[in-house]
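In what follows, every heavy atom counts, from backbone to side chain, and hydrogens, waters and symmetry copies are set aside.
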Amino acid sequence: MAEVKLAAETRTEFGKGAARRIRRESKVPGVLYGHGGDPIHLTLPGHDLLLALRTPNVLLALELDGKKRLAIPKAVQRDAIKGFLEHVDLLLVRSGEKVNVEIYVHTEGDLAPGAFLVEHVLNALPVEAEATHIPESVTVSIEGLAAGDSILAKDVPLPEGTTLAIDEDAVVLQVLAAQAEEPTEGEGEGEGETAEA
């Protein structure tokens, strides 16, 4: 995974008013914490951060006070209506350090012939991976699966250096039989009749 470089600034103003001022400048308030140190309150470039966060579990290389610090996003707050970034919590990481993250599970292949549906019990799989080598996602084959079949966490192929952070027998996805809707009472009756005035 490539690092995304961001220029960060420490901030000394706190509260809603300060946060609004920061956002008006197209920046995002955030907190960097980890490794037992005091949390660092910072300001990040809004547009660049928004683009970076499009990549799941992105590794951020923060240029802060002349030093480079690696971090991954832990919590992102967005405006519920407009979707802009309101605040971000970042976790300080080191090269070689293991971190717990969730990675998306994608499917490939076709189910067995018939009316079947795939239910994603887990959209994201909890794993432990090296901070600088976090996979964006994993892909699992559903080729030929039918109703009653399921994929367990231990069945998901993980990249080297990545291990499960969940019970290996946890169901990740399962195949269900599609159920036809039964007509409700009165449906189909009176077709073609017109109401008289």
Side-chain angles (χ1 to χ4, degrees), residues 1-6 28 30-36 39 44 48-62 69-80 83-179:
M1 171 184 294
E3 296 174 8
V4 176
K5 292 182 182 176
L6 291 178
V28 179
V31 177
L32 176 66
Y33 61 93
H35 298 150
L44 299 154
D48 294 342
L49 180 61
L50 186 66
L51 292 176
L53 291 176
R54 288 184 177 172
T55 302
N57 297 315
V58 65
L59 182 65
L60 301 172
L62 303 176
R69 299 170 193 242
L70 296 177
I72 57 172
K74 284 311 274 184
V76 178
Q77 296 172 8
R78 297 177 188 269
D79 180 87
F84 63 82
L85 297 174
E86 290 190 329
H87 189 273
V88 64
D89 287 353
L90 303 174
L91 179 64
L92 196 59
V93 295
R94 292 187 184 108
S95 183
E97 177 182 7
K98 295 273 192 174
V99 292
N100 285 340
V101 294
E102 291 188 342
I103 55 176
Y104 291 107
V105 178
H106 298 291
T107 58
E108 67 180 6
D110 297 317
L111 294 173
F116 303 122
L117 299 170
V118 176
E119 178 190 15
H120 286 262
V121 179
L122 295 175
N123 285 323
L125 186 66
V127 297
E128 184 181 68
E130 190 179 323
T132 53
H133 293 93
I134 299 172
E136 289 182 26
S137 63
V138 288
T139 302
V140 64
S141 174
I142 57 169
E143 188 67 39
L145 297 184
D149 291 337
S150 58
I151 301 284
L152 304 179
K154 65 183 175 188
D155 302 326
V156 177
L158 297 175
E160 191 177 330
T162 303
T163 57
L164 289 173
I166 190 174
D167 180 28
E168 65 178 18
D169 291 324
V171 176
V172 177
L173 58 86
Q174 60 190 1
V175 181
L176 308 172
Q179 296 180 350

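Here L44 contributes atom CG and L90 contributes atom CG; the two are 6.0 Å apart, rounded to the nearest 0.5 Å. Summarising the geometry, atom CD belonging to Q77 is positioned 7.0 Å from atom CG belonging to D89; distances are rounded to the nearest 0.5 Å. Note that CZ of R69 is 11.0 Å distant from CZ of R94, once rounded to the nearest 0.5 Å.
Within 6.0 Å of the NZ atom in K5, the count of heavy atoms belonging to other residues, nucleotides or ligands does not exceed 12.
Here salt bridge (charged side-chain N to carboxylate O under 4.0 Å, His left out) pairs that include residues 147-174, with residues two or more places apart or in two chains, are K154-D169. The side chain to side chain donor-acceptor pair (under 3.5 Å) pairs that include a residue from residues 109-118 number zero, where partners must be two or more places apart or lie in different chains.
The two residues P39 and V31 come nearest to each other via the heavy atoms CB-CG1, 3.8 Å. Across L60 and A52, no two heavy atoms sit closer than the pair CD2-CB, 3.9 Å. Closest approach of V99 to I134, counting heavy atoms only: CG2-CD1, 3.8 Å. Residues A177 and A147 come closest through the heavy atom pair N-CB, 3.8 Å. The two residues V171 and S150 come nearest to each other via the heavy atoms CG1-CB, 4.2 Å. Nearest heavy atom pair, residue E128 against residue A165, reads N-CB, 4.1 Å.
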Problem - Stepwise side chain to side chain contact (heavy atoms under 4.5 Å, CB included) check, V140 with V172 - result: CA-CA 10 Å; V140 64; V172 177; 6.0 Å; no

Problem - I142/L173 under side chain to side chain contact (heavy atoms under 4.5 Å, CB included): CA gap, chis, key distance, verdict - result: CA-CA 9 Å; I142 57 169; L173 58 86; 4.0 Å; yes

Exercise for the section: Take Y33 and L92 through the test side chain to side chain contact (heavy atoms under 4.5 Å, CB included) and record every step on the way to the result. Expected result: CA-CA 6 Å; Y33 61 93; L92 196 59; over 6 Å; no

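Between S137 and I103 there is no side-chain heavy-atom pair separated by less than 4.5 Å. Between N57 and I72 the shortest side-chain heavy-atom distance does not fall below 4.5 Å. Looking at V138 and P159, their side chains come closer than 4.5 Å, going by heavy atoms from C-beta outward.
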Donor-acceptor pairs under 3.5 angstrom involving side-chain atoms of residues 114-127: please list them, not counting sequence neighbours.
residue	atom	partner	partner atom	Å
E119	OE1	Q174	NE2	2.5

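Every residue two or more places apart in sequence or in another chain that forms a side-chain hydrogen bond (donor to acceptor under 3.5 Å, both in side chains) with E97 is listed here: H35. For L85, the side chain to side chain contact (heavy atoms under 4.5 Å, CB included) partners two or more places apart in sequence, or in a different chain, are V28, L49, L50, L53, V76, R78.
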